[in-house]
Amino acid sequence: MKNQEISKIFYEIAEYLKTERIAFRPYAYSKAALSLETIEEDVSDVYRKGGLKALEEIPGIGKNLALKIEEYLKHGKIKYYDDLKKKLPIKLDEITRVEGMGPKKAKILYEKLKVKNLKDLEKAAKAKKLRGLRGFGEKTEKNIIEGIAFLKRDKGRFLLGEIMPDVKKIISSLKRLKEVDRISTAGSVRRMKETIGDVDILIVSKNPSKVMDFFVSLEGVVKIWSKGTTRSSIRMRKGFDVDLRVVPEKSYGSALQYFTGSKEHNIFTRRTAMDKGLKLNEYGVFKGSKMIAGKTEEEVYKAIGMAWIPPEMRENEGEIELALKNSLPDIIGYNDIKGDLHTHSDWDGGANSIKEMAETARSMGYDYIGIADHTKFLKIEHGLDEKQLLRQRKEIEKLNAELSGFRILQGCEANILNDGLIDIKDEVLKKLDFVIAGVHSSFKMEKEKMTERIIKAMRNPNIDIISHPTGRLIQKRDEYLIDFDKILKAAKETGTILEINSYPERLDLKDFYIRRAKEAGVKMVINTDSHHKDQLKLIEYGISQARRGWAEKKDIINTEPLNRLLKNFRY
DNA sequence: GCCGTTTTCGGCCCGACTGTTTTCAGTCG
């Protein structure tokens with residue numbers, strides 16, 4: 001798809017234009033770049049079907065940019081961009097990734113010191129050549145060296161599940177401060193995005209300097225980027241940054257709305273407000289100079305004619321249109337799950353016994369738990385064979401006899417072999433309460449073969465659930481190649497349930513696919529894939545992913561009580 | 001360079017903070 005390539009070029013052009021101190025045109029280019037990034041259609045298709053006219057229909061693309069897109073599609077390059085690069089032959093995108101380095105500083109460094117890339121920049125800074133240049137001093141030099149070190153160490157984004165425990169700790173420390181009147185996370189943490197760049201926190205306080213003093217001296221702070229009375233920014237030992245903002249009580253709601261984002265959501269909400277003759281910013285909603293809302297998010301959204309939108313949905317993916325009509329989906333809540341169906345016990349090398357897993361599940365208020373240990377093909381995971389599964393069944397029956405008001409279900413996480421067959425005999429699968437099947441080998445199959453492989457497993461009437469259906473590991477491994485539409489069609493036909501795996505590096509299905517599954521009428525289940533009883537609480541991330549995919553309670557089978565749940569299983 | 005029931009010109013987000021200056025430019029969100 002050419003969208004991303006062209007989008008990247010437009011973003012770079014915007015940066016180049018900033019070095020020339022041109023006003024507004026950079027803004028137009030970045031807006032167009034963002035637009036290309038987010039549209040679903042391939043620009044080559046758009047152009048093929050409707051030519052330049054159709055390109056101009058894309059928001060943010062006018063005559064001029066349509067021509068540049070055409071040029072790229074035809075010749076694989078854009079002359080305007082090449083000329084800009086010739087004029088300033090440096091790796092702008094690379095250099096501006098360094099915290100504190102923007103396009104204008106980059107230009108100065110090229111003109112004075114011939115700095116062209118990250119390497120040159122590091123060399124010059126370490127040789128103390130930056131200090132003395134206009135706008136540069138010792139501190140800037142030091143910050144640049146540290147910024148480069150950070151870039152080298154990390155890709156800059158963290159898994160939600162990786163930093164959420166730290167975020168909760170920071171929030172509860174701040175909450176204990178008597179100067180803090182109100183507090184909330186904002187930004188991508190509040191939207192529960194699968195990866196987080198930095199953490200935003202918003203508070204109301206009548207004594208901000210006290211709060212800021214406390215904030216910058218929190219346990220684990222390794223660097224103070226900035227400290228003021230309305231905003232401070234720190235880096236934690238783990239490597240992520242936290243931004244704290246203090247806002248007045250009367251603007252808390254609008255500030256929360258503003259800083260929660262996403263950027264695209266905000267652009268659209270502000271535009272909607274403008275259409276109604278109102279102005280929306282972080283301080284409130286204004287009619288002329290009169291403030292008509294701001295204290296709570298609910299009243300802010302109401303003032304611009306919308307229903308309150310759950311943070312997880314705020315990505316400008318159609319939620320605003322629905323909020324205007326007051327017809328947002330009633331997405332699943334964090335307390336709607338009645339049991340976890342994908343957990344591992346010490347039978348396959350997990351940390352805890354079946355009984356311990358069940359007790360933890362029960363203490364979380366669940367009505368049932370499914371034990372789904374690996375099966376024999378996965379030798380590394382001590383997979384169970386037919387005999388062991390039948391023995392395990394006896395033990396679970398015994399445990400259930402001792403329990404009332406709670407039920408342990410026996411499943412297994414069987415392997416879908418390369419040919420789509422399952423590594424456990426059907427007559428044994430039939431005896432279990434439910435069966436999960438997943439791909440755990442040969443991830444690099446061709447798309448068609450992999451799709452066929454999974455669909456064949458779905459057609460086995462003993463298979464109820466497909467675990468982590470796309471196989472991705474965030475920042476580590478891409479999803480395997482599958483035709484998701486075909487998978488959905490087969491799931492619908494066979495009544496197979498697709499898993500939303502809550503494991504922080506999986507989150508599989510991801511939000512985008514969840515939404516498609518929901519639209520296709522395919523049922524899903526939110527599981528943790530726990531190998532330890534403490535991991536059962538990871539369910540929060542599966543639920544947030546489901547919310548980001550607009551899933552409702554009725555789309556998720558493990559929101560149902562036991563008797564209804566069991567009807568979803570075929571044998 | 002885009003956009004438009006405020007429509008073909010004049011807006012486009014702008015405030016906070018740092019590090020440099022000696023009143024402000026650059027960066028960030």
Side-chain angles (χ1 to χ4, degrees), chain A residues 10-11 13-36 55-69 78 80-81 84 92 95-109 130-144 146-147 186-189 197-202 208 212 216 223-234 241-248 251 254-255 258-264 266-271 273-283 286 288:
Chain A
F10 282 1
Y11 273 125
I13 290 176
E15 294 298 295
Y16 276 110
L17 292 174
K18 283 183 206 163
T19 69
E20 304 192 356
R21 305 171 168 280
I22 291 168
F24 301 116
R25 225 176 331 142
Y27 176 69
Y29 273 94
S30 357
K31 233 170 79 176
L34 179 70
S35 180
L36 284 177
L55 289 177
E56 283 180 49
E57 296 288 303
I58 301 170
I61 308 288
K63 260 200 173 61
N64 198 308
L65 293 189
L67 281 168
K68 290 193 167 63
I69 293 173
I78 296 173
Y80 182 61
Y81 170 64
L84 286 168
L92 243 195
I95 292 171
T96 52
R97 268 206 293 273
V98 178
E99 185 89 23
M101 277 297 296
K104 292 179 186 129
K105 284 203 163 114
K107 192 185 184 196
I108 294 175
L109 292 184
L130 270 43
R131 58 185 67 179
L133 295 177
R134 195 180 172 75
F136 291 83
E138 270 183 56
K139 277 197 175 165
T140 311
E141 206 172 71
K142 189 166 154 264
N143 282 339
I144 287 173
E146 282 176 10
S188 51
V189 170
D198 53 20
V199 176
D200 293 293
I201 298 174
L202 211 64
M212 292 307 192
V216 300
K223 171 140 188 103
I224 300 167
W225 290 114
S226 65
K227 186 180 171 223
T229 52
T230 62
R231 185 185 161 202
S232 295
S233 178
I234 56 174
D241 292 346
V242 187
D243 249 34
L244 180 67
R245 285 165 204 273
V246 179
V247 299
S251 298
S254 44
Y258 180 84
F259 289 112
T260 296
S262 63
K263 201 170 157 189
E264 295 73 43
N266 283 357
I267 289 171
F268 203 10
T269 44
R270 278 202 301 276
R271 171 158 294 246
M274 269 160 60
D275 289 347
K276 292 179 193 275
L278 301 167
K279 196 175 130 187
L280 167 65
N281 58 29
E282 63 258 55
Y283 302 105
F286 298 87

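Naming: A, B, ... by sequence-line order, numbering from 1 per chain. All values reported here derive from a predicted model rather than from experimental measurement.
- Taking the six-membered ring for Trp and thresholds of 30 and 60 degrees, Y16(A) and Y81(A) have ring planes more than 60 degrees apart, a perpendicular arrangement.
- Take K107(A) and apply the salt bridge (charged side-chain N to carboxylate O under 4.0 Å, His left out) test, not counting sequence neighbours, and it matches E111(A).
- Once rounded to the nearest 0.5 Å, the distance linking CG of L280(A) with CG of N266(A) reads 7.5 Å.
- Spacing between atom CG of N281(A) and atom P of dC13(B) amounts to 12 Å, rounded to whole angstrom units.
- Annotation for R131(A): atom CZ counts as buried by contact number, over 12 foreign heavy atoms lying within 6.0 Å.
- To the nearest angstrom, C1' of dC14(B) lies 14 Å from CD1 of I267(A).
- Not a single salt bridge (charged side-chain N to carboxylate O under 4.0 Å, His left out) links R270(A) to another residue, sequence neighbours left out.
- Rounded to whole Å, the P atom of dC28(B) lies 26 Å from the corresponding atom of dT23(B).
- Partners of K276(A) according to the salt bridge (charged side-chain N to carboxylate O under 4.0 Å, His left out) rule, which considers only residues two or more places apart in sequence or in another chain, do not exist here.
- How far OG1 of T140(A) is from CG of N143(A): 6.5 Å, rounded to the nearest 0.5 Å.
- Contacts of K31(A) with the nucleic acid, taken as non-hydrogen atoms under 4.0 Å apart, are absent.
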Under 4.0 Å protein heavy-atom contact, by nucleotide of nucleotides 15-24 of chain B - B base, S sugar-phosphate only: SSSSSS----
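- Across the P atoms, dT21(B) and dA16(B) are found 24 Å apart, a figure rounded to whole Å.
- Annotation: E138(A), atom CD; neighbour count of heavy atoms from other residues, nucleotides and ligands within 6.0 Å does not exceed 12.
- If you take NZ of K18(A) and C1' of dG1(B), they are 15 Å apart, rounded to a whole angstrom.
- Taking atom NZ on K276(A) and atom P on dT6(B), their separation rounds to 13 Å, with Å as the unit.
- For E282(A), the salt bridge (charged side-chain N to carboxylate O under 4.0 Å, His left out) test picks out no residue, with sequence neighbours left out.
- Using a 4.0 Å heavy-atom criterion, one finds that Y29(A) contacts the sugar-phosphate atoms exclusively.
- dC13(B) and dG19(B): their P atoms are spaced 28 Å apart (whole Å).
- Between D275(A) and G62(A), the residue whose closest nucleotide on DNA chain B is further toward the 5' end is G62(A).
- Distance check on atom P: dC12(B) versus dT6(B) gives 15 Å, rounded to whole Å.
- Atoms CZ (R271(A)) and P (dC12(B)) sit 11 Å apart, rounded to a whole Å.
- We find that CG of D243(A) is positioned 12 Å from P of dC28(B), with the value rounded to whole Å.
- Following rounding to the nearest Å, M274(A) (CE) and dT6(B) (P) show an atom-to-atom distance of 10 Å.
- Within 4.0 Å of K107(A), counting heavy atoms only, lies no atom of the nucleic acid at all.
- If you check every strand for non-hydrogen atoms under 4.0 Å, V98(A) touches sugar and phosphate atoms only.
- The backbone N or O of P26(A) sits less than 3.5 Å from a side-chain atom of S30(A), completing a donor-acceptor pair.
- Between L244(A) and M212(A), the closest side-chain pair of non-hydrogen atoms falls below 4.5 Å.
- Nearer the 5' end of DNA chain B, as judged by each residue's closest nucleotide, is the contact made by R270(A), out of K105(A) and R270(A).
- For dC14(B) and dC9(B), the P atoms lie 24 Å apart once the distance is rounded to whole Å.
- To the nearest whole angstrom, the two C1' atoms, one in dT27(B) and one in dT20(B), are 13 Å apart.
- dA25(B): Watson-Crick or G-U partner is dT18(B), with both key distances under 3.5 Å.
- The CZ atom of F259(A) sits 16 Å away from the P atom of dC13(B) (whole-angstrom rounding).
- Listed in residue order, the members of residues 19-28 of chain A having a heavy atom less than 4.0 Å from DNA chain B are R21(A), F24(A), R25(A), Y27(A), A28(A).
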